Amino acid sequence: MQKKNPFSIFITTFLPLFVFFFFFSILTSASEQDLLLSFKSSISDPIDSLSSWTNSSHPCTWSGITCTNSSPPSVLSLNLQSLNLSGAISPSLCSLPSLAHLNLAGNLFNQPIPLHLSHCNSLTSLNLSTNLLWGPLPNQMPLSLTTLDLSYNHLQGQIPPSFASLQGLQVLNLAGNLFSGALPPSLLSNLTDLLVLDLSDNPSLVSGIPQQIGKLGNLQQLLLQRSGFHGGVPDSFVGLHGLEVLDLSQNNLTGNLPLRIGSGLGKLVSFDLSQNGLSGPFPADICLSKGLTSLSLHTNLFSGSVADSLERCLSLERFQVQNNGFSGDFPSGLWSLPKIKLIRAENNRFSGGIPNSVSMAVRLEQVQIDNNSFTGRIPPSLGSISSMYRFSASSNGFYGELPQNFCSSPVMSIINLSHNSLSGSIPELQKCRKLVSLSLADNSFIGKIPASLADLPVLTYIDLSNNNLTGEIPPGLQNLKLALFNVSFNRLSGRVPSSLISGLPASFLQGNPDLCGPGLPNSCADDKPKRRSTRPTGLICLLISIAFAAGIMVVGAGFFVMYRSSRQKFHLSHWKSVFFYPLRVTEQDLEMGMDEKNAVGSGAFGKVHVIRLPSGEFVAVKKLMNVGILSSKALKAEIKTLAKARHKNIVKLLGFCYSEDSILLIYEYIQKGSLGDLICRSDFLLEWRDRLRIAVGAAQGLAYLHKDYVPHLLHRNIKSKNILLDMDFEPKLTDFGLDHIVGESVFLSSMASELHSSIYMAPEHGCSKKATEQMDVYSFGVVLLELVTGRQAEEPESGDSINVVKWVRRKINMTNGAIQVLDSKISKTFHQEMLAALEIALRCTSVMPDKRPTMFEVVRSLQSLDSKNRPPRLFSYEFSAHDEHSDLSRT
Ligand SMILES: *[C@@H]1O[C@H](CO)[C@@H](O)[C@H](O)[C@H]1NC(C)=O
Ligand SMILES: *[C@@H]1O[C@H](CO)[C@@H](O)[C@H](O)[C@H]1NC(C)=O
Ligand SMILES: *[C@@H]1O[C@H](CO)[C@@H](O)[C@H](O)[C@H]1NC(C)=O
Ligand SMILES: *[C@@H]1O[C@H](CO)[C@@H](O)[C@H](O)[C@H]1NC(C)=O
Ligand SMILES: *[C@@H]1O[C@H](CO)[C@@H](O)[C@H](O)[C@H]1NC(C)=O
Ligand SMILES: *[C@@H]1O[C@H](CO)[C@@H](O)[C@H](O)[C@H]1NC(C)=O
Ligand SMILES: *[C@@H]1O[C@H](CO)[C@@H](O)[C@H](O)[C@H]1NC(C)=O
Ligand SMILES: *[C@@H]1O[C@H](CO)[C@@H](O)[C@H](O)[C@H]1NC(C)=O
Ligand SMILES: *[C@@H]1O[C@H](CO)[C@@H](O)[C@H](O)[C@H]1NC(C)=O
């Protein structure tokens, strides 16, 4: 670190002098310049952000420093956020006599909170957010603090009651850490100046919300979401008069809300209690004075007095209470608040209706009240709210006709009124040009499907099933790019537009005995006999189109046209092939191989077919969609890069073919199938020696990709299904590096669509932008857990569908738990080895990426288990002589 730094010369030559100055600075007061240079010397500054910090200029001119106006000026604040600084935070800072603001947020400091900070007597604001700080909170902090932000680190342990002595504190942010235990009540009783208290994202902070919270009368923001809070919402909430943002969502809160809660929360802007276990009636007065409830159904009675009556919630913009067990009437005053934008109350048991006064909610954008017991009519004034883009009220008891102007908002995108008791005809909807999804299923609508639906340019999902609609399906609907068009179980009649028949599953038309057309039970009376039997082709088209409907969501509508033009059959003449081995595959062989019967499995990216070549050899062919982000030259280069990875634990890529819309990757065929297939068999039985062999081999393959192979590759999809086994149980990794072929965004969305792959994904997967080796290590750790426990990553039959990582973590905390997780089918003589393997697996699946070992360390540890009974294996890479010469490119 110091070699390249010009400053290091200073340090090495003048170090004794420097040390002297350092102690001198503690005794007397060294110059601020020296103190800061001493701070600089203890940290590493990879992007040289502190280059202006030299002894030839005044500190007040240095970057990140602000000084007082006094003479001589003195350092007032030090702001070095987001500079990738690391190293040790030097105590010299606290000798700066006027330092009031210290902001080191967004760096890479990896240490406990420095104890000496408590001596920073003039410090009023300290921001160490988003570093890698760990360990417990110190008992002492500078008493002068008004702002303390330690959020998003890895701090743990109890929040010390001694923090109650920080009585000047206005902002306390401890979010995103690993704090545990209960919240000390004394903390809340004393910190009466607090404006912001943020304890969110601390899942092990398992605590009730202390009554004393009500003493924080100045509090403006209380953020306790996604932590372990349980028990009730205390009555004392009524005292939080200044609260603007209240977020208690995603905790384990239960019980009823305090009845008078509404009278306290007058300044609320955002109110979020979602995803808890709260129940009982919602206080009716939450946003309403007494007496107004009865008036709220009659718009004409609102006059000048309305503003006074509603003043309690005049600022409320977001109201979220979804996924609880609330019952009773929904507070009707909410519907007419002037600033309300979002109302979410789905999955409760609320009753009541939507009053016509909803027209006063002129900023309303989103309403989600599905799965409740709302009743009444949909008020005509709803249509006049021009900001509304989502109205979702399925599974309620709404009845009557939809108002004619129901869909007048120019931004309306999603309407879901399915599973209600609505009747009458479907109104014309041509005003909402942005409508994407219209679901009116399971009501009692009658009359025709409005032809004007065909004029809505982005309409993609239409569900009108289970109504009483009559007449023909408007032919114009063929022009829409529909991903879903379900009109099953109505009384529709006449000819179905042909592209709707071929493009959609038959089940979306069933239950309409009077519909006719090719492929339907009835052919239309005026149909001339067709040249060929349309049924099988229709069926194939149907199958392809279903697959396509799933695909369209991933790739976007742009590929619609492209796919349809080629969906008849692969035009193999348009294919180009590149083989890395002398394979004798013809277009016909491939065509045969694409048969459904040959499909042996399908992953996130496509089906795998096993094809027997005329020579008797088998190959496995994986079909990917060619999303066309790479030129064919770049595509060839990327696949060649993957193909050159040669190792005994990596499946060989023999060649590939590509066309405008597909890529076929040809792999060597591995006889025994995948480890995943083995584990999910009910009679799964594999000796420990073989399991260990699989673990070592898979680890070697991965270590090879990570470090030995150039360019280094990440696998990114390690799971037991992607570890194939040959006859000797030698494992071979497949499916690696597909992100190089399909591109990052398709890769991520395909992975996300795969049901169980998330179990193998490291916890940081969602939040970190970049894929890392440590994520592969995590996935490998999950496989190792499967081997040690003999359980699948997710046991399908077990009711709580708990994944193996959680299951093991839960069990091993008990006495003898570690022994209990070992696969009982394996003899006790191997317990020592299995326990050692379990420990490696646990380190690999550590929540903190930097606690995980590298794959090389894993290989070494696993081999040391193996070596007790066998001679150590050496790495052996099988570099193939075919590499360059057999590139029998044909175009
Ligand atoms: C400033 O630092 C340089 C080396 O970085 C040193 O040679 C010089 O003597 C220092 N000047 C003072 C005034 O300390
Ligand atoms: C900090 O480091 C990360 C990688 O460690 C890099 O992606 C980022 O650009 C760096 N930030 C700055 C400001 O250089
Ligand atoms: C601390 O710094 C982070 C990063 O710049 C910033 O987002 C946050 O608002 C700061 N905290 C306070 C309390 O100002
Ligand atoms: C809480 O405040 C009281 C009076 O303001 C003070 O005497 C007490 O020491 C404080 N508690 C803590 C733990 O600092
Ligand atoms: C919530 O509480 C229930 C019962 O006390 C418990 O089983 C569950 O694990 C808790 N959930 C969370 C997320 O803490
Ligand atoms: C409907 O809401 C209830 C709670 O009132 C919940 O238990 C149930 O799971 C929800 N149904 C669906 C389909 O989400
Ligand atoms: C509409 O609501 C129903 C029932 O809640 C749900 O099953 C369906 O997925 C929703 N449709 C859309 C498009 O969101
Ligand atoms: C549809 O209409 C028929 C005849 O008018 C009626 O018997 C039936 O109940 C209706 N079905 C629904 C679901 O409304
Ligand atoms: C493990 O057990 C200890 C003591 O039995 C308990 O305090 C701790 O919360 C447990 N940890 C987990 C993750 O369950």
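It should be emphasised that the depicted structure is a prediction, and the values quoted were computed from it without experimental measurement.
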Novice: If you compare all heavy atoms of Val245 against all heavy atoms of Leu268, which two are closest, and at what distance to 0.1 Å?
Specialist: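 In terms of heavy atoms, the two residues are closest at N-CD2, 4.3 Å.
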Novice: Whether the side chain of Thr789 engages the backbone of Leu785 through a donor-acceptor N/O pair (distance < 3.5 Å, no angle test) should be reported.
Specialist: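 Yes.
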Novice: Does Arg809 form a side-chain contact (heavy atoms from CB on, under 4.5 Å) with Val847? I'd like the steps, not just the answer.
Specialist: CA-CA 11 Å; Arg809 288 222 184 104; Val847 177; 3.9 Å; yes
Novice: Could you check if a side-chain atom of Leu224 sits within less than 4.5 angstrom of a side-chain atom of Leu205, using non-hydrogen atoms only?
Specialist: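 No, their side chains stay 4.5 Å or more apart.
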Novice: If you look at every heavy atom in Ser74 and Glu32, which pair is closest and at what distance?
Specialist: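 Of all heavy-atom pairs spanning Ser74 and Glu32, the closest is OG-OE2, 2.8 Å.
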Novice: Answer yes or no: does atom CG of Asn69 have more than 12 heavy-atom neighbours from other residues, nucleotides or ligands under 6.0 Å?
Specialist: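 At most 12 heavy atoms, drawn from other residues, nucleotides or ligands, come within 6.0 Å of this atom.
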Novice: Write down the atom of Pro160, the atom of Pro138, and the distance for their closest heavy-atom approach.
Specialist: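 Nearest pair, atom of Pro160 first, then Pro138: CG-O, 3.8 Å.
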Novice: Quick one: does Arg852's side chain have a donor or acceptor within less than 3.5 Å of a partner on Ser846's backbone?
Specialist: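 Yes, because the side chain of Arg852 sits within donor-acceptor range (under 3.5 Å) of the backbone of Ser846.
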Novice: Does any non-hydrogen side-chain atom of Phe109 lie less than 4.5 Å from one of Leu85?
Specialist: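 A side-chain contact under 4.5 Å exists here.
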Novice: Heavy atoms only: give me the nearest Asn107-Leu80 pair and the separation to one decimal.
Specialist: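 Result for this residue pair: ND2-O, 2.8 Å.
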Novice: To the nearest 0.5 angstrom, please state how far the CD atom of Glu773 sits from the CZ atom of Phe780.
Specialist: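 The CD atom of Glu773 sits 14.0 Å away from the CZ atom of Phe780.
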Novice: So, taking the atom named CG in Leu172 and the one named CG in Asp149, what distance separates them when rounded to the nearest 0.5 Å?
Specialist: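 Separation between the atoms: 9.0 Å.
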Novice: Under a 4.0 Å threshold between the charged nitrogen and the carboxylate oxygen, would Lys707 count as salt-bridged to Glu857?
Specialist: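 Salt bridge between Glu857 and Lys707, a charged N being under 4.0 Å from a carboxylate O: no.
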Novice: Can a donor-acceptor pair be found, under 3.5 Å and without considering hydrogens, that links the side chain of Asp776 to the backbone of Arg716?
Specialist: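 Between the backbone of Arg716 and the side chain of Asp776 there is a qualifying donor-acceptor contact (under 3.5 Å).
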Novice: Please determine whether side-chain contact (heavy atoms from CB on, under 4.5 Å) holds for the pair Tyr760 and Ile718, giving the CA-CA distance in whole Å, both sets of side-chain angles, and the decisive distance to 0.1 Å.
Specialist: CA-CA 7 Å; Tyr760 293 94; Ile718 286 281; 5.6 Å; no
Novice: If we only count heavy atoms from C-beta on, is the Leu248 to Gln225 side-chain gap below 4.5 Å?
Specialist: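 Not in contact.
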Novice: Measuring from atom CG of Asn79 to atom CD1 of Ile65, what distance do you get when rounded to the nearest 0.5 angstrom?
Specialist: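 Output value for this atom pair is 10.5 Å.
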Novice: Rounded to the nearest 0.5 Å, how far does OG of Ser227 lie from CG of Asn202?
Specialist: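 Reported to 0.5 Å precision, the distance equals 5.0 Å.
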Novice: Spell out, as yes or no, whether a donor-acceptor pair under 3.5 Å connects the side chain of Asp193 to the backbone of Leu191.
Specialist: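 Pair absent, no side-chain N/O of Asp193 close to backbone of Leu191.
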Novice: Do the ring planes of Phe271 and Phe319 sit parallel (below 30°), tilted (30 to 60°) or perpendicular (above 60°)?
Specialist: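 If you compare the ring of Phe271 with that of Phe319, the planes turn out parallel.
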Novice: With a cut-off of 6.0 Å (strictly less than), are more than 12 heavy atoms of other residues, nucleotides or ligands near CD of Glu839?
Specialist: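 Count not over threshold, so no.
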Novice: Over all heavy atoms of both residues, which pair between Leu188 and Pro210 is shortest? Give the atoms and the distance, please.
Specialist: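 Smallest heavy-atom distance, with atoms named: CD1-CG, 3.6 Å.
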Novice: Whether the Ser236 and Gln211 side chains hold a donor-acceptor pair (N or O, under 3.5 Å, no angle test) is what I'd like checked.
Specialist: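 Side-chain D/A pair, Ser236 to Gln211: present.
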Novice: Short question: side chain of Gln33, backbone of Ser57 - any donor-acceptor pair under 3.5 Å?
Specialist: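 Such a contact is found between Gln33 side chain and Ser57 backbone.
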Novice: Within this structure, what is the CH2-CG distance for the pair Trp53 and Leu37, rounded to the nearest 0.5 Å?
Specialist: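 Trp53 atom CH2 to Leu37 atom CG measures 8.0 Å (nearest 0.5 Å).
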Novice: If we ignore angles and hydrogens, is there a donor and acceptor under 3.5 Å between the side chains of Ser122 and Ser98?
Specialist: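 Ser122 vs Ser98: no donor-acceptor pair found between side chains.
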Novice: Run the side-chain contact (heavy atoms from CB on, under 4.5 Å) check on Asn127 and Leu102 step by step: do they pass?
Specialist: CA-CA 6 Å; Asn127 191 343; Leu102 177 58; over 6 Å; no
Novice: Check whether any side-chain heavy atom of Leu842 sits under 4.5 Å from a side-chain heavy atom of Val808, and report yes or no.
Specialist: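 In short, these two side chains touch, coming nearer than 4.5 Å.
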Novice: For Asn251 and His230, test the side chains for any donor-to-acceptor distance below 3.5 angstrom and give the result as yes or no.
Specialist: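 Side chains of Asn251 and His230: no pair found under 3.5 Å.
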Novice: Would you say the side-chain atoms of Asp272 pair up with the backbone N or O of Ser274, donor to acceptor, closer than 3.5 Å?
Specialist: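 Side chain of Asp272 to backbone of Ser274, a donor-acceptor pair under 3.5 Å: yes, one is there.
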Novice: Indicate every side-chain donor-acceptor pair of residues 174-184 with a distance under 3.5 Å to a residue at least two apart or in another chain.
Specialist:
unit_1 : atom_1 : unit_2 : atom_2 : d
Asn177 : OD1    : Asn153 : N      : 3.2
Asn177 : OD1    : His154 : N      : 3.4
Asn177 : OD1    : Leu155 : N      : 2.9
Asn177 : ND2    : Leu150 : O      : 3.1
Asn177 : ND2    : Leu174 : O      : 3.2
Asn177 : ND2    : Ala175 : O      : 3.1

Novice: Can you list the residues that meet the side chain to side chain donor-acceptor pair (under 3.5 Å) rule with Thr146, with sequence neighbours excluded?
Specialist: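 In terms of side chain to side chain donor-acceptor pair (under 3.5 Å), with neighbours along the sequence ignored, Thr146 is linked to no residue.
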Novice: Is there a side-chain contact between Leu219 and Leu195 (heavy atoms, below 4.5 Å)?
Specialist: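 When only atoms from C-beta onward are counted, Leu195 and Leu219 do not touch, as no gap falls below 4.5 Å.
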Novice: Compare every heavy atom of Leu278 with every heavy atom of Asn324, then report the nearest pair and how far apart it is.
Specialist: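 In this case the closest contact between Asn324 and Leu278 is OD1-N, 3.0 Å.
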Novice: Checking side-chain polar atoms at under 3.5 Å, does Tyr152 have a donor or acceptor matched by the opposite partner on Asn131?
Specialist: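 Their side chains do not contain a donor-acceptor pair, so the 3.5 Å distance test is not met.
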Novice: If we ignore hydrogens and angles and just use 3.5 Å, is the side chain of Asn121 paired with the main-chain N or O of Ser144 as donor and acceptor?
Specialist: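 No.
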Novice: How would you list all residue pairs meeting salt bridge (Lys or Arg N to Asp or Glu O under 4.0 Å) that involve residues 232-254, not counting sequence neighbours?
Specialist: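 Every candidate salt bridge (Lys or Arg N to Asp or Glu O under 4.0 Å) pair involving residues 232-254 fails, so no pair, neighbours aside, qualifies.
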Novice: Starting at CD of Gln140, measure out to NE2 of His116 and round the result to the nearest 0.5 Å.
Specialist: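 Going from CD on Gln140 over to NE2 on His116, the span is 14.5 Å.
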Novice: Distance-only, no hydrogens or angles: does the Ser42 side chain make a donor-acceptor pair with backbone N or O of Ile89 under 3.5 Å?
Specialist: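 Here the side-chain-to-backbone pair does not exist.
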Novice: If you define the side chain from C-beta out and look only at heavy atoms, does anything of Gln212 sit under 4.5 Å from Ser186?
Specialist: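 Side-chain contact under 4.5 Å: no.
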Novice: For side-chain contact (heavy atoms from CB on, under 4.5 Å), just list the numbers for Val321 and Phe282, CA-CA rounded to whole Å, side-chain angles, deciding distance to a tenth of an Å, and then say yes or no.
Specialist: CA-CA 10 Å; Val321 297; Phe282 211 85; 3.8 Å; yes
Novice: So, do Ser165 and Leu143 sit near enough that their side-chain heavy atoms are less than 4.5 Å apart?
Specialist: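 In short, these two side chains touch, coming nearer than 4.5 Å.
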Novice: Quick one, Pro112 and Leu133 - any side-chain contact, counting heavy atoms below 4.5 Å?
Specialist: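 They are not in contact (no side-chain heavy atoms under 4.5 Å apart), so the answer is no.
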Novice: For the residue pair Ser270 and Glu317, confirm or rule out a side-chain donor-acceptor distance under 3.5 Å.
Specialist: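 Ser270 vs Glu317: no donor-acceptor pair found between side chains.
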Novice: I'd like to know if the side chain of Asp48 pairs up with that of Ser51 as donor and acceptor (distance under 3.5 Å, no hydrogens or angles considered).
Specialist: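 Judged by distance alone, the side chains do not pair up.
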Novice: Quiz question: by atom type and distance under 3.5 Å, do the side chains of Ser151 and Ser129 form a donor-acceptor pair?
Specialist: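 Their side chains do contain a donor-acceptor pair, which is all the 3.5 Å distance test asks for.
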Novice: Would you confirm whether Asp45, through its side chain, and Leu50, through its main-chain N or O, come within 3.5 Å as a donor-acceptor pair?
Specialist: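 A pair under 3.5 Å: yes.
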Novice: Quick check against the 3.5 Å criterion: does Asn190 have a side-chain atom that pairs as donor or acceptor with the backbone of Leu187?
Specialist: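 A pair under 3.5 Å: no.
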